[in-house]
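Data block below; observations after.
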Amino acid sequence: MKVVLVRRDVKINLNEKHINDWHEQGAHVTHFFNALSVLFPAGERLFMDSVRAYKDQVQDPELKKAITTFIGQEALHSREHEEYNEMMDRSGLPALKLDKMLWNLLGGLQKTLGRKLALGGTIALEHYTAIMANAVLSDKNVLGEKSDESFRQMWQWHAYEETEHKAVAYDVWNTVMPDNVYNRFIRRFGMVLATLIFWPVIMYFHARLVFADPNTKGKHIQGYKAVGRMLLGKEGIFRKAVGEFFDYFKADFHPWEHDNSAFLKEIDAFVEKVNASMRNPNDEVKKAVRARMVKSAVAATAAA
Ligand SMILES: [Fe+2]
Ligand SMILES: [Fe+2]
């Protein structure tokens, strides 16, 4: 499968007043996605570094170009998630504290594990991301049709591009690692390691956000049930994708054997819609953003 990647400078203007309750399923589900957002700046840096570390060993010009665009896409995702995380912090959630914790954890792991296992972990986590991205794009209930439009746009845009570049890190692995028993073991071990790190971290970050939000008080049973349903219920993200997850352990696995490339045809129209919504002067989101910009301009003038 040949996919030509595109770097799109999409600017999502999140509706800050709904940072704690943007998902139609309530605060606990909102904070699950919010916790994922906290993972991205440090996580995507690991992905970029891991792929970049092998760029010189790649000869194929198309793959070289794909690596550059992959890094460009992840950098833009991080830029938007940093803004998202700062909003959480402003609303009293410890997002930046958790983000710092993750930078330390992943930085330490990168040094300890070395570049081969870092790339192994990256392709495993890109598989997780691809599974979640597919869920976001194929099931409207994951983001919720009545959820805040700006957050839906944010996650949908990220999901489209994660789908578009889901095989890049994997193709780098296949290109630079000779196919032998040891490397196959390392690739699978990378998934075991990624799983052992991802779930405790996301659960801990989620709990920290949930318990820092006073509006969740007294709603924990109902809220955690909603999160459980979304992940492991009959129509849950991981229950539906269990086969897809374990396909990773096959010797001849490739991300595009789960062919959801039909979504890629929707990206241009989607981006156009996002840009158009940003151009609408009556849009509530845009008004809020403009108000913030004026406020920070006034503060900057006062400081000068
Ligand atoms: Fe990303
Ligand atoms: Fe990615």
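Every number for a ligand or one of its atoms is a count from 1 in the order of the listing. Side chains are part of it too, since the values below use all heavy atoms of this structure and drop only hydrogens, waters and symmetry mates.
Between His77 and the options Tyr84, Trp157, Phe40, a ring-ring contact (aromatic ring centres under 6.0 Å, His included) holds for only Trp157.
Considering just the N/O/S atoms of Glu126, the one nearest the Fe ion (ligand 2) carries the name OE2.
Judged purely by distance below 3.5 Å, without hydrogens or angles, the side chains of Lys116 and Asn183 pair a donor atom with an acceptor atom. Side-chain atoms of Thr68 and Lys55 include a donor-acceptor pair closer than 3.5 Å. In this structure, a donor-acceptor pair under 3.5 Å is present between the side chains of His31 and Asp213.
A salt bridge does not link Arg229 with Glu235: every distance from a Lys NZ or Arg NE/NH1/NH2 to an Asp or Glu carboxylate oxygen is 4.0 Å or more.
Protein N/O/S atoms found under 2.8 Å from the Fe ion (ligand 1), listed by chain and residue number: Glu44 OE2, Glu74 OE1, His77 ND1, His158 NE2, Glu162 OE2.
With hydrogens and angles ignored, the 3.5 Å screen pairs a side-chain donor or acceptor of Asn34 with a backbone N or O of Ile19.
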